[in-house]
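For reference, the structure is listed below as C-alpha cells.
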2 protein chains.
Amino acid sequence: MGWAAVSAEDNLLELVEAEEPDENDYRLQEQVGFILRKAHQRHVSIFAAHIADLTPPQFAALAKLRDVGETSQNQLGSLIAMDAATVKGVIDRLKARGFVELSKHEIDKRRLLVNLTAEGRDAIERLIPLAREITQETLAPLSAKEAAIFMKLLAKLA
Amino acid sequence: MGWAAVSAEDNLLELVEAEEPDENDYRLQEQVGFILRKAHQRHVSIFAAHIADLTPPQFAALAKLRDVGETSQNQLGSLIAMDAATVKGVIDRLKARGFVELSKHEIDKRRLLVNLTAEGRDAIERLIPLAREITQETLAPLSAKEAAIFMKLLAKLA
DNA sequence: GGAAATTCATTCGTATGCAAATGATATCAA
DNA sequence: TTGATATCATTTGCATACGAATGAATTTCC
C-alpha cells in the first residue's frame with residue numbers, strides 16, 4: 001500500500017472524522033445548560049415587567065400557601081423547590097411585607113408554621129391573573145402545539 | 001322565561017364554565033417559569049457533580065474565551081449573557097485562580113481586556129469532555145428524538 | 001471644535017441559591 | 001429508658017444576578 005492509493009487514504013480520514021466529528025468543537029451556545037440559563041433569565045425579566053413588587057420565588061411561596069394553607073417553613077420550601085436556607089430568606093421578606101405570618105407548632109416545637117395574612121391572600125389573588133399573562137408571554141415564541149410539547153418535555157427534564 | 005327551564009339554566013352554566021375553566025385554578029407546578037427554574041436547578045446540580053471546582057458561569061467564561069480569544073470584559077459578558085456587574089465578579093474570581101489575565105486596551109482606555117492564561121487554557125480543554133457528559137446527563141430523561149425537539153424549542157424560547 | 005449622548009467599567013444594595021456547621025427537638029431502637 | 005439518628009430551623013460564607021448610580025473615556029453630531 002503506497003502513496004498511489006490517495007483516495008483510499010482520504011476515505012480513511014473521512015471515516016475517522018465521522019467517528020469523532022466534534023473532537024475540537026464545543027459550542028457553548030448549543031449546550032442545554034447555557035440555553036436553560038438564558039431561558040430562565042428571560043422569564044425572570046418578563047415576570048419583573050408584569051409584577052414589579054414581588055420576585056418569582058416570593059410569588060411561588062404565596063401561591064403555594066394559597067393552595068395548601070398553613071405549613072411549616074421547610075415543608076413549604078420542599079413544595080416550591082427551595083432549600084431551608086433559601087426559603088427562610090424568602091419568608092422573612094414576605095413577613096416584613098405583611099404577606100405572611102409565623103407561629104410555633106404547638107406539638108412539635110421545632111416547626112415554624114407559615115400562613116397567609118389577609119393582605120397576603122388579597123395580593124396573591126390579585127396577582128394570579130398577571131401570572132397567567134407572564135406564562136403566556138414567556139411561551140409566546142412557540143405556537144400552541146409547540147408550547148404543549150415543550151411543557152411536556154420540560155417537565156420530564158425538571 | 002321562568003324557573004321551569006331548569007335544564008336550560010344548567011346548560012347555560014356549563015357554557016359559562018367552559019369559557020373560563022380555570023377561573024379559580026392556578027397550578028404553580030404547571031407554570032413554565034416554575035418548571036424552568038427547577039430544570040435549571042437540576043442542571044446546576046449535575047454540573048457541580050461533574051465539575052466541582054468551577055461554576056457554570058465561570059466555565060462559560062473560559063469556554064467563550066477559548067472561542068474568541070482576547071476580548072473586553074463587557075463584550076465577553078454579552079457573549080455569555082451576563083450583565084456588566086455579574087461578569088466582573090466572575091472574571092475577578094477567575095483571575096484570582098490564575099485562569100485569566102487582564103490588560104488595558106491600548107487605544108480605548110475604557111476597556112479591560114480579558115484573556116486565558118496557559119493554565120486557563122489547560123483547564124478548559126480538560127473540562128470540555130466533562131461538559132459533554134453534563135449535557136448528556138441533563139438530557140438523559142429524554143430520548144434522542146425528544147432531546148432534539150426540546151433543544152429546538154428551548155432555543156426559540158431563550 | 002465642543003456639547004451631548006454613548007459606551008465601558010465599577011460599586012452598592014438587594015435577592016436568590018446552596019453547602020456546611022450548629023443547636024434544638026423528636027423519633028427510633030437496643 | 002437512653003443513646004444514636006433524624007428532622008427543623010438558623011447562621012455563615014460564597015457565588016450568581018440585576019437595577020441604579022457613578023466616573024472615565026469615546027463617539028456623534030451640530
Side-chain angles (χ1 to χ4, degrees), chain A residues 33-34 36-49 51-62 70-97 99 102-114, chain B residues 33-34 36-49 51-62 70-97 99 102-114:
Chain A
F34 184 80
L36 222 35
R37 177 170 145 269
K38 288 215 303 177
H40 181 247
Q41 281 177 3
R42 174 170 168 271
H43 167 75
V44 171
S45 167
I46 291 170
F47 188 102
I51 299 180
D53 60 339
L54 224 57
T55 64
Q58 289 166 5
F59 176 88
L62 295 184
E70 190 173 60
T71 355
S72 75
Q73 195 175 255
N74 275 10
Q75 173 64 14
L76 177 61
S78 84
L79 291 172
I80 57 179
M82 286 178 213
D83 66 17
T86 300
V87 79
K88 183 187 191 310
V90 173
I91 293 302
D92 279 354
R93 286 180 283 276
L94 289 174
K95 183 192 172 199
R97 300 272 300 270
F99 289 153
L102 306 180
S103 57
K104 289 179 182 174
H105 189 107
E106 285 298 320
I107 301 157
D108 188 339
K109 294 177 184 174
R110 296 169 304 177
R111 296 192 206 178
L112 184 63
L113 296 174
V114 190
Chain B
F34 184 80
L36 222 34
R37 176 170 146 270
K38 287 214 303 177
H40 181 246
Q41 280 177 5
R42 175 170 168 271
H43 167 75
V44 172
S45 167
I46 292 171
F47 188 102
I51 299 181
D53 60 338
L54 224 55
T55 64
Q58 289 167 5
F59 176 87
L62 295 184
E70 190 174 59
T71 354
S72 78
Q73 195 175 255
N74 274 11
Q75 173 64 14
L76 178 61
S78 83
L79 290 172
I80 57 180
M82 287 178 212
D83 67 15
T86 301
V87 78
K88 183 187 191 312
V90 173
I91 293 302
D92 278 354
R93 286 179 283 277
L94 289 175
K95 183 192 170 198
R97 299 272 300 271
F99 289 154
L102 307 179
S103 56
K104 289 179 182 173
H105 189 106
E106 286 298 320
I107 300 158
D108 188 339
K109 294 178 183 173
R110 294 170 306 179
R111 295 192 205 177
L112 185 63
L113 295 175
V114 190

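Per chain, numbering begins at 1; letters A, B, ... match sequence-line order. Everything numeric here is computed off the predicted structure, so don't read it as measured data.
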Subject >> Any residue meeting side chain to side chain contact (heavy atoms under 4.5 Å, CB included) with B:K109, in chain and number order, not counting sequence neighbours >> reply: none
**OP:** Taking side chain to side chain contact (heavy atoms under 4.5 Å, CB included) as the test, write out the residues that go with A:Q75, two or more places apart.
**Re:** A:T71, A:S72, A:S78, A:L79
Original post:
At what distance, to the nearest 0.5 angstrom, does CG of A:L113 lie from CG of A:L76?
Top reply: 11.0 Å
Original post:
How many angstroms lie between atom CD of B:Q73 and atom NE2 of B:H105, to the nearest 0.5 angstrom?
Top reply: 15.0 Å
Using atom [atom1] of [X] as one end and atom [atom2] of [N] as the other, report the distance to the nearest whole Å.
| X | N | atom1 | atom2 | answer |
| --- | --- | --- | --- | --- |
| A:L36 | C:dG17 | CG | C1' | 15 Å |
| B:K104 | C:dT10 | NZ | P | 10 Å |
| B:Q75 | C:dA9 | CD | C1' | 14 Å |
| A:L54 | C:dT14 | CG | P | 17 Å |
| B:E106 | D:dT26 | CD | P | 12 Å |
| A:L102 | D:dT10 | CG | C1' | 13 Å |
| A:K95 | D:dA9 | NZ | C1' | 14 Å |
| A:D92 | D:dT10 | CG | P | 7 Å |

Original post:
Does A:D108 have any salt bridge (charged side-chain N to carboxylate O under 4.0 Å, His left out) partners at least two apart in sequence or in another chain, and if so, which?
Top reply: A:R110, A:R111
Subject >> Set of residues satisfying side-chain hydrogen bond (donor to acceptor under 3.5 Å, both in side chains) with respect to A:K88, sequence neighbours excluded >> reply: A:D92
Identify the pairs formed between an N or O of the protein and an N or O of nucleotides 1-8 of chain D at a distance under 3.5 Å, and give each distance.
from: D:dT7; atom 1: O2; to: A:R110; atom 2: NH1; distance (Å): 2.7

Subject >> Pairs touching residues 36-45 of chain B that satisfy side-chain hydrogen bond (donor to acceptor under 3.5 Å, both in side chains), sequence neighbours left out >> reply: B:H43-B:T138
Subject >> Residues forming a ring pair (Phe, Tyr, Trp, His ring centres under 6.0 Å) with B:F59, sequence neighbours excluded >> reply: A:Y26, B:F47
Original post:
With the sugar-phosphate defined as primed atoms, P, OP1 and OP2, and the base as all remaining atoms, what B/S/- string results for nucleotides 12-19 of chain D, 5' to 3', for protein heavy atoms under 4.0 Å?
Top reply: ---SBBBB
**OP:** Answer with base, sugar-phosphate or nothing: what part of the nucleic acid does A:L113 contact at a heavy-atom distance below 4.0 Å?
**Re:** nothing
**OP:** May I have all residue pairs that pass salt bridge (Lys or Arg N to Asp or Glu O under 4.0 Å) and include part of residues 75-86 of chain A, sequence neighbours excluded?
**Re:** none
